[in-house]
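Read the structure below first, then the notes.
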Protein chains: 2
Amino acid sequence: MQTIAPELAELAALIADPGRASILSRLMDGRAQTASELARVACVTPQTASWHLSRLVERALLRVERRGPRRFYRLATPLVAQMLEGMMTVAAIDPHPARPPPRIDPEMRRARTCYDHLAGELGVAVTDAMREHGHLHLDPEAGELTASGRAFLRDLGIDLRAPARSRRLLCRPCLDWSERRPHLAGRAGAAVADLALQQDWIRRRPQGRSVEITETGLVAFRDLFDARI
Amino acid sequence: MQTIAPELAELAALIADPGRASILSRLMDGRAQTASELARVACVTPQTASWHLSRLVERALLRVERRGPRRFYRLATPLVAQMLEGMMTVAAIDPHPARPPPRIDPEMRRARTCYDHLAGELGVAVTDAMREHGHLHLDPEAGELTASGRAFLRDLGIDLRAPARSRRLLCRPCLDWSERRPHLAGRAGAAVADLALQQDWIRRRPQGRSVEITETGLVAFRDLFDARI
DNA sequence: GTAACGCTTCGATCATGATCGAAATGTTCA
DNA sequence: TGAACATTTCGATCATGATCGAAGCGTTAC
């Protein structure tokens, strides 16, 4: 029986190294990072990181781009991010509920970006608030933005029209591995995250993919979204 | 920065062994299999398979159930199946498009079950036919069954009412790794597969998770669904 | 040109974990 | 109780691949 299993194992082996897993996790915010930064994240020497990175590029999980003497690495396609999302969801399930759950960095748990949308407590709080106001229906498997939701986002200055040739879904759920609850993703989720960055409600931290909620942001999320954050 | 990365690597390592990948792939149809059958699938001795299986159960990817002297293993939750779907989708992407694509077992490619719904050429053909008849809208990220689609399935004798307490989505896409196109999943997809098995349109092969399309089935899929199969 | 810097390649070492034979365990049935 | 069978445990062996020091390559800036 010839199956996809060998390719599956090969792919998994690529993610099975803690250094490479850290690198992939770091790149989940969709931005590009230098080889040095990724070496630091993976806690290995530059030469070891280089070896890992070349394997990831060779297998087309990452794309590399040269800018001067630096090389910037990023996830090759959103499909890779979606795969990692799924794996993290399962990875976050504690096989031994008796033992204390894996410690998660509080900043990560509080607020972060997940490829292009908000995640962590912030992402879930915004999603919950929108649901309670009837802006949104969200299931673990799918989501729907209501007429009221469209109006709400439009009033915030968000343009939800899809770019030409985009087949991206307007509204989809993404299972949060730290909160273990679905939050808003898709074009709508990305638009909200864009707005928040643009309005300085959140700021990307220089390292890691957690974000800082500003004072203005706290007020905005509470007043505009009615989020319990 | 404390993250989920170590757990991600640990999880991936579990899937990174060809034997375990074969076992997981075999269990993707959602049914339970004995340790012996899984040893055969993984091409290892029973004692090696036993070692692999105990690791998978320990990490809560599989559940085990004893019936007499046999032990039946199955995926612990649909979440695991969904994760594997995502990984297979990426695994099926050829990193070197110049080289010949990975050979896939023709029976697998033709028709198989994917957890609880149809996949392979058959799954995609049925989905395409339903789309062309306006029964279905399906995006890579989400799907919707139209009024005409509901009527169509009802006429086939399918009851789409959700069981109490079920939060499963009626209609969702599942990306097919052999066809690289989305096909119908969710409650509607499962209902179609159930109907097909019940009407003897398809038969599970004794080994593997590919299914055989019967003569009756070929006629039914063509006449009732208008599928090009 | 040359120095500085980022990154990669090479080579040797070392640790992890997959494997199977042999033997033990556990279940059913008579 | 004993025989048959499925599965697991134990123990020893072996292969893969992660690691980093040293050296090399390529780009930029002066």
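Naming: A, B, ... by sequence-line order, numbering from 1 per chain. Hydrogens, waters and symmetry mates play no part in the numbers below; they use all other heavy atoms, side chains included.
Rounded to an integer number of Å, the gap from CD of Glu58(A) to P of dT8(C) is 14 Å. Here the P atom of nucleotide dG6(C) and the CZ atom of Arg40(A) are 14 Å apart, to the nearest Å. Between the CD atom of Glu10(B) and the P atom of dT16(C) there is a distance of 14 Å, given to the nearest Å. In this structure, CG of Asp17(B) is placed 11 Å from P of dC20(C), rounded to the nearest angstrom. Between the CD1 atom of Ile15(A) and the C1' atom of dA18(D) there is a distance of 17 Å, rounded to whole Å. For the pair Glu37(B) CD and dC5(D) P, the computed distance is 19 Å after rounding to whole Å. When rounded to the nearest whole Å, the span between CG of Leu53(A) and C1' of dA18(D) equals 14 Å. Here the C1' atom of nucleotide dT8(D) and the CG atom of Leu56(B) are 15 Å apart, to the nearest Å.
Residue Arg66(A) has no polar side-chain atom (N or O) positioned under 4.0 Å from OP1 or OP2 of dG6(C). Contact annotation: Thr48(A) side-chain N/O to dT19(D) OP1/OP2 distance is not under 4.0 Å. In terms of phosphate contacts, His52(A) brings no side-chain nitrogen or oxygen within less than 4.0 Å of OP1 or OP2 of dG17(D). At dA18(C), one or more side-chain N or O atoms of Arg20(B) fall inside 4.0 Å of OP1 or OP2 (strictly under the cut-off). Contact between the side-chain N/O atoms of Arg70(A) and the OP1/OP2 oxygens of dT27(D) is not found at any separation under 4.0 Å. The phosphate of dT28(C) (OP1 or OP2) has no side-chain N or O of Arg67(B) nearer than 4.0 angstrom.
Within the nucleic acid shown, Thr34(B) comes within 4.0 Å of sugar-phosphate atoms alone, with no base atom in reach, counting heavy atoms only. In this structure, Phe72(B) reaches neither bases nor backbone, as no heavy-atom distance under 4.0 Å exists between it and the strands shown.
Nucleotides of DNA chain D nearest to Gln47(A) and Pro69(B) differ in position, and the one nearer the 5' end is that of Pro69(B). Nearest-nucleotide assignment on DNA chain D puts the 5′-proximal partner with Trp51(A), out of Trp51(A) and Arg71(A).
Aromatic ring pairs are classed by plane angle as parallel below 30°, tilted from 30° to 60° and perpendicular above 60°; the pair Phe221(B) and Trp201(B) is perpendicular.
No hydrogens or angles considered: nothing links the side chains of Ser22(A) and Ser25(A) as a donor-acceptor pair under 3.5 Å.
Here dT19(D) is the nucleotide among dT8(D), dC20(C), dT19(D) with the atom lying nearest to any side-chain atom of Val44(A).
More than 12 non-hydrogen atoms from other residues, nucleotides or ligands lie less than 6.0 angstrom from CZ of Arg205(A).
Cation-pi geometry between Arg66(A) and Phe72(A) is not met: the NZ or CZ atom fails to fall both under 6.0 Å from the ring centre and inside 45° of the normal.
Between the side chain of Thr113(A) and the backbone N or O of Tyr115(A) there is no donor-acceptor pair closer than 3.5 Å.
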